[in-house]
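Quick note: numbers below take in every heavy atom, side chains included, and nothing from hydrogens, waters or symmetry partners. Counting convention: from 1, in listed order, for ligands and their atoms alike. Residue numbers start at 1 and run along the sequence shown.
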Amino acid sequence: MTILIINGPNLNLLGVREKTIYGSQSFDQYYEELKLLYPNFALDYYQSNIEGEIINKIHECRLTHDGIVLNAAAYTHTSVAIRDAISAIDIPVIEVHISNVHKREAFRHVSLISASCVGVIAGFGLDSYRLGIEALTKLNKDK
Ligand code: DQA
């Protein structure tokens, strides 16, 4: 299976940024652990702080990957354009969040992208990404 993990704005600062919410591990470290868990998968990773670049990546990978694990970060709550990009492609997208957004500020309770994703995983720390991969694996087996 070929899976692309996409991280949105400020997630390049994981391990440094608001550690009480997002933990002290960098995504690069976690990504190395994930790759060891899935040695038979092509597990790719892309991060951008720029909305249009995330959209371009979503378009591109529709031809190269079986699914996307997407943490759109703050764009989750604002981006109609990312939602439309997800709706425009045929491969499944799982929305993930490190924190439980529903326990946080009210503006984080609204996701503009959830309706175009297969499902949502939130609140399990970095393990949310692994759970997203598990969800994609199950979908792939069932198809
Ligand atoms: C986040 C939650 C968002 O509300 C926030 O803007 C982020 C990270 C999470 O993974 O918990 O940057 O997507």
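Here the heavy atom of the protein found nearest to atom 8 (C) of ligand 1 is Y22 OH, 3.4 Å. Looking from atom 5 (C) of ligand 1 to the surrounding protein, the closest heavy atom is R108 NH1, 3.3 Å. Closest to atom 1 (C) of ligand 1, if we only count protein heavy atoms, is H97 ND1, 3.7 Å. R17 NH2, 3.0 Å is the protein heavy atom nearest to atom 12 (O) of ligand 1. Among protein heavy atoms, atom 11 (O) of ligand 1 sits closest to S99 OG, 2.6 Å. The nearest heavy-atom contact from the protein to atom 4 (O) of ligand 1 is H77 NE2, 2.7 Å.
Taking 4.0 Å as the cut-off, T76 does not count as a neighbour of ligand 1 on heavy-atom distance.
With hydrogens and angles ignored, the 3.5 Å screen pairs no side-chain donor or acceptor of H97 with any backbone N or O of G125. In terms of modelled atom types and a separation under 3.5 Å, the side chain of H65 and the main chain of T2 share no donor-acceptor contact. The backbone N or O of L43 lies less than 3.5 Å from no partner atom in the side chain of Y38, so there is not a single donor-acceptor pair. S128 places no side-chain N or O within 3.5 Å of a backbone atom of A122 that could act as its donor or acceptor partner. Without hydrogens or angle criteria, R62 side chain to H59 main chain gives a donor-acceptor distance under 3.5 Å.
Side-chain N/O atoms of S111 and E95 include a donor and acceptor closer than 3.5 Å.
Taking 4.5 Å as the limit, some side-chain heavy atom of I5 sits within range of a side-chain heavy atom of L34.
Between I98 and ligand 1, an N or O atom pair is found at a separation short of 3.5 Å.
Residue contacts with ligand 1 for V101 involve side-chain atoms from C-beta outward but no N, CA, C or O (heavy atoms, distance under 4.0 Å).
Residue-ligand proximity, A74 to ligand 1, at heavy-atom distances under 4.0 Å covers atoms 6 (O), 12 (O).
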